[in-house]
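Residue numbers start from 1 in every chain, and the chains themselves are labelled A, B, ... in the order their sequence lines are given, proteins ahead of strands.
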Amino acid sequence: MSGDHYHNEDQINCGSRVNDSHKHKDKYKEKEHKHKDHKKDKEREKFKHGNSDHKDPSDKKHRDKEKMKHKDGSTDKFKDKHKEKRKEEKMKSFDGRIKKENGFASPPHVKSEPEDDFYHSPRHDKPLKRERDDDNDSEFKPKKIKTENDKKAKKRKQEDEDFKSKKTKNKKGEVTDGKKKAKKEPEEKWKWWEEERYTDGVKWKFLEHKGPVFAPPYEPLPSHVKFYYDGKHMKLSPDAEEVATFFAKMLDHEYTTKDIFRKNFFKDWRKEMTSEEKAKITDLKKCDFTEMSVFFKGQSEARKALTREEKQKIKEENERTLQEYGFCIMDNHKERIANFRIEPPGLFRGRGDHPKMGMLKRRIRPGDIIINCSKDSKYPEPPPGTKWKEVRHDNKVTWLVSWTENIQGSIKYIMLNPSSRIKGEKDWQKYETARRLKKCVDRIRAQYRDDWKSKEMRIRQRAVALYFIDKLALRAGNEKEEGETADTVGCCSLRVEHIKLYPEKDGQEFVVEFDFLGKDSIRYYNTVPVEKRVFKNLQLFMENKEPDDDLFDRLNTSILNKHLQELMDGLTAKVFRTYNASITLQQQVKELTNAEDNIPAKILSYNRANRAVAILCNHQRAPPKTFEKSMQNLQTKIDAKRNQLSDAKRELKSAKADAKMRKDEKSKKAVETKKKAVQRIEEQLMKLEVQATDREENKQIALGTSKLNYLDPRISVAWCKKWGIPVEKIYNKTQREKFAWAIDMADEDYEF
DNA sequence: GTACAGACTTAGGAACATTACT
DNA sequence: AGTAATGTTCCTAAGTCTGTAC
């Protein structure tokens, strides 16, 4: 695995964050303004398709109709449908929501397994119980919750050869470290990673929790806060008023200036109005929400201005809620829940150009909620006078609570915190899969290179797509329902308009320029030299296609993943992202760390390695609003420190001269003191300079996402141990909790 | 094979808390 | 002490991928 496998250097410089004005829908308009801020425009203009016989776009309609022929003689099929859809739905996008309104969705059938076969297992000869403990099932009911480490750290039978050797070593070791007692966590940390895992899809044996915390009920506005329509005061009915406040709260946000947002909001708002209101309020432009907006701003000011005691009180109240609802009991252990609060009602804020932005996200009530818990647990109580939609006992899933959301009709869940066993195990397993890929990636690469020559179009497309996924860490790119979401793509869903081919560019041959919106409408821009065969294939794939045709018309994620599954057990497209991210970190950290550097400099190296990964994965952020200013401040500080240093040096010099003359103890001591001062200041200066570099380089790059989701934490832990860097410098408290397994098990020679 | 539901991971930004600075 | 900068947590949208039914 060589570092030059990637070619992302210019991605960051060129990649500018795409704002919401970016419209893929209006593809013709699009063409003109899409790249307006882009320096590469000229080259683009010059470039015409490599094939001189490329059809004139004017015969497009005709062409659209006929089935496209491929070299392998096959015709285009399933993908056409989506394209047609995309075009059509541009027209009609807004009415989609009714069909999936939650209230009408028939409840997904509850599997209430018969008593005798509750823990239904595909293989009845094999007990599902975890093997770590010998006794009966009742062990999983919390007669008393285990708070100390399990005595027996049995071996996992899984693939993790690496840990088998270490796993048992310090099962007691950590018991001695009682520093967390100082905090409010009297319990010893449970080392789930030293225990057996479930097999056969059972996720837990016992689960008990208190259910969700609902959003606070709507509090009507005080009567002095008025709403005006067409300049006249109007008292709104409570329902209409509530929805109005959602809009009022966002008045300062750019969202409220957008047509789609306003249109969607107004449509949904009207549904909440009484018939009189509906008759009167017909134009959003005539609505004046400013008093409401002012009122809410005042409220948040007031909240900030609370006295220390009052703030303390609120904090305590929150803490109580957390203690009561923020934890569950899963198989003998108290585990933290991630999101125990139900999402409050409000206006939907999609990312990018979302066709549904501004729609009303309705209030979730107990009747919408499905509870999942053990049969033999104490069920959560619905609020007085209400009922849950359903209580089920499905131990093949990890969620505690679910409901159906009304914007997309998708299901939302309450699940456990990343520090929990159930999340941690999965995370660990993810990295193990990536490490297995490491062992066979050469073979897979050889194979896809071979497939570039295949007689079959579908194989070639698969192979080129896989090459992109591997080389550029692109996401798989599932098809999306058109008109339901922002128009974003991943690898398999790339369209012809998203790439440009340059037989020669900036002295390099066979350059591909990518420019598309990925997940969260984050722009991916990259120019990459590719192998000649890839280039030729791309030309072939693009032949006789329109800009909005699929580049890989014979491929989708399901085909790709099926293929990957055959190459390696558990292999899917996203494993490549994990693998390439982690292997890059490992290489970079090795390459960049200087043994003789001090700790801050080493951490800079680490951050740079992390940054290389973030760039690879295209993890961007909006440059902080205060970026320039804070950079300036830092520079000022650096200058001041420089002055301070030269002063200190001067003083040292004169002290030395002084000591030379007097030769007494006192002046010698003074020299020592001055020396120390100089040293200290030098260090401080260095630290500041490092900080400045780090920050500058980090302007538009988000490190957090890769750190949290792509980098095998054991690589980082090993690096810390190797160089004597406290792990706190790399991971904050939350991160340390999430990666407790890695911190515990990895030693300095861990290799990904 | 395709459409859809479901479950779960990944993602950036907002809100909030803490620390550093004046 | 008050304010600004920075770090952390919360929030929830937007992906991936699997399973199932036709």
Check your understanding: Within 45° of the ring axis of A:Phe261 and under 6.0 Å from its six-membered ring centre, is that where the NZ or CZ of A:Lys258 lies?
Key -> no
Study note, to complete from the structure: Among C:dC17, B:dT10, B:dC8, the one nearest any side-chain atom of A:Asn709 is B:dT10
Review point. What's the spacing between A:Gln684 CD and A:Lys641 NZ if we round to 0.5 Å?
Key: 3.5 Å
Exercise for review: Pick base, sugar-phosphate or nothing for A:Ala338, based on heavy-atom distances below 4.0 Å to the nucleic acid.
Suggested key: nothing
Review point. Any donor-acceptor pair under 3.5 Å joining the side chain of A:Lys733 to the base of C:dT8?
Key: no
Review point. When all nucleic acid strands are considered with a 4.0 Å heavy-atom cut-off, which category describes A:Gly704: base, sugar-phosphate, or nothing?
Key: nothing
Point to revise | Given C:dC17, B:dG13, C:dG15, the nucleotide with the shortest approach to the side chain of A:Arg621 | key: B:dG13
Point to revise | Given B:dT10, C:dA13, B:dA14, the nucleotide with the shortest approach to the side chain of A:His253 | key: B:dA14
Practice item. Please check the phosphate of B:dA11 (OP1 and OP2 only) for any side-chain N or O of A:Arg577 closer than 4.0 Å. Key: yes
Exercise for review: When you get a sec, tell me which of C:dC17, B:dG13, B:dG12 is the closest nucleotide to the side chain of A:Asp520?
Suggested key: B:dG12
Review point. Between A:Gln735 and A:Gly350, which is nearer to the 5' end of DNA chain C once each is assigned its nearest nucleotide?
Key: A:Gln735
Review point. Given C:dT18, B:dG12, B:dA7, which nucleotide is nearest the side-chain atoms of A:Val397?
Key: B:dA7
Practice item. Select from A:Lys519 and A:Arg303 the residue whose nearest nucleotide in DNA chain B is closer to the 5' end of that strand. Key: A:Lys519
Check your understanding: Across the strands shown, which category fits A:Lys707 at heavy-atom distances under 4.0 angstrom: base, sugar-phosphate, nothing?
Key -> nothing
Check your understanding: How many Å lie between CD on A:Gln408 and P on C:dA14, as a whole number?
Key -> 7 Å
Practice item. For A:Thr398, answer base if it contacts any base atom (sugar-phosphate contacts may also be present), sugar-phosphate if it contacts only those atoms, and nothing otherwise; contact means non-hydrogen atoms under 4.0 Å. Key: sugar-phosphate
Point to revise | Atom-to-atom span, CD of A:Glu484 to P of B:dA5 - whole angstrom | key: 11 Å
Check your understanding: Can A:Glu405 and A:Ser410 be counted as having a side-chain donor-acceptor contact under 3.5 angstrom?
Key -> yes
Review point. Taking the six-membered ring for Trp, are A:His253 and A:Tyr255 parallel (under 30°), tilted (30 to 60°) or perpendicular (over 60°)?
Key: parallel
Practice item. Specify whether A:Tyr524 and A:Phe514 have parallel, tilted or perpendicular ring planes, treating 30° as the upper limit for parallel and 60° as the lower limit for perpendicular. Key: perpendicular
Revision key, fill the gap. A:Leu688 atom CG is separated from C:dT6 atom C1', nearest whole Å, by 15 Å
Exercise for review: Identify whether any heavy atom of A:Thr557 sits under 4.0 Å from a base atom; if not, whether one sits that close to sugar-phosphate; answer base, sugar-phosphate or nothing.
Suggested key: nothing
Check your understanding: Rounded to whole angstroms, how far apart are CG on A:Asn395 and P on B:dA7?
Key -> 13 Å
Check your understanding: What integer distance in Å separates A:His619:NE2 from B:dG13:C1'?
Key -> 15 Å
Point to revise | 5'-most by nearest nucleotide on DNA chain B - A:Lys315 or A:Ala702 | key: A:Ala702
Point to revise | Atom-pair distance (NZ on A:Lys396; C1' on C:dG19), nearest Å | key: 14 Å
Review point. In terms of side-chain heavy atoms of A:Asn732, which of C:dT12, C:dT8, C:dT18 is nearest?
Key: C:dT8
Check your understanding: Is the number of heavy atoms from other residues, nucleotides or ligands within 6.0 Å of NZ (A:Lys729) greater than 12?
Key -> no
Practice item. Ignoring the backbone of A:Lys412, work out which of C:dT12, B:dA7, C:dT16 is nearest its side chain. Key: C:dT12
Study note, to complete from the structure: Between CD of A:Glu405 and C1' of B:dG6 the distance, given in whole Å, is 14 Å
Exercise for review: Examine A:Arg197 relative to A:Trp428 and say whether NZ or CZ is less than 6.0 Å from the centre of the six-membered ring and inside a 45° cone about the ring axis.
Suggested key: yes
Exercise for review: Ignoring backbone atoms, test whether A:Lys356 places a side-chain nitrogen or oxygen under 4.0 Å from the OP1 or OP2 oxygen of C:dA13.
Suggested key: no
Check your understanding: How would you label the contact of A:Lys203 with the nucleic acid (heavy atoms, under 4.0 Å): base, sugar-phosphate, or nothing?
Key -> sugar-phosphate
**Study point:** Touch class at under 4.0 angstrom, heavy-atom based, for A:Pro418 against every strand present
**Key:** nothing
Point to revise | Lys/Arg cation over aromatic A:Phe348: A:Lys356, 6.0 Å, 45° cone | key: no
Review point. Between C:dT16, B:dA11, C:dT8, which nucleotide has the shortest distance from any of its atoms to the side chain of A:Asn478?
Key: C:dT16
Practice item. Tell me whether the OP1 or OP2 atom of C:dG15 has a side-chain N or O from A:Thr488 closer than 4.0 Å. Key: yes
Exercise for review: Would you please confirm or rule out a distance under 4.0 Å between OP1 or OP2 of C:dA13 and any side-chain N or O of A:Lys361?
Suggested key: yes
Review point. For A:Thr705 and B:dG12, is the shortest distance between a side-chain N/O and OP1 or OP2 below 4.0 Å?
Key: yes
Review point. Side chain of A:Lys574: nearest nucleotide among B:dT10, B:dG13, B:dA7?
Key: B:dT10
**Study point:** Residue mapping more 5' on DNA chain C - nearest nucleotide basis, A:Gly518 or A:Glu343
**Key:** A:Glu343
Review point. Of all the choices, C:dC17, C:dG15, B:dG6, which nucleotide is nearest to the side chain of A:Tyr413 once you look at every atom?
Key: B:dG6
Check your understanding: Separation of A:Ile411 atom CD1 from B:dC4 atom C1', in whole Å?
Key -> 11 Å
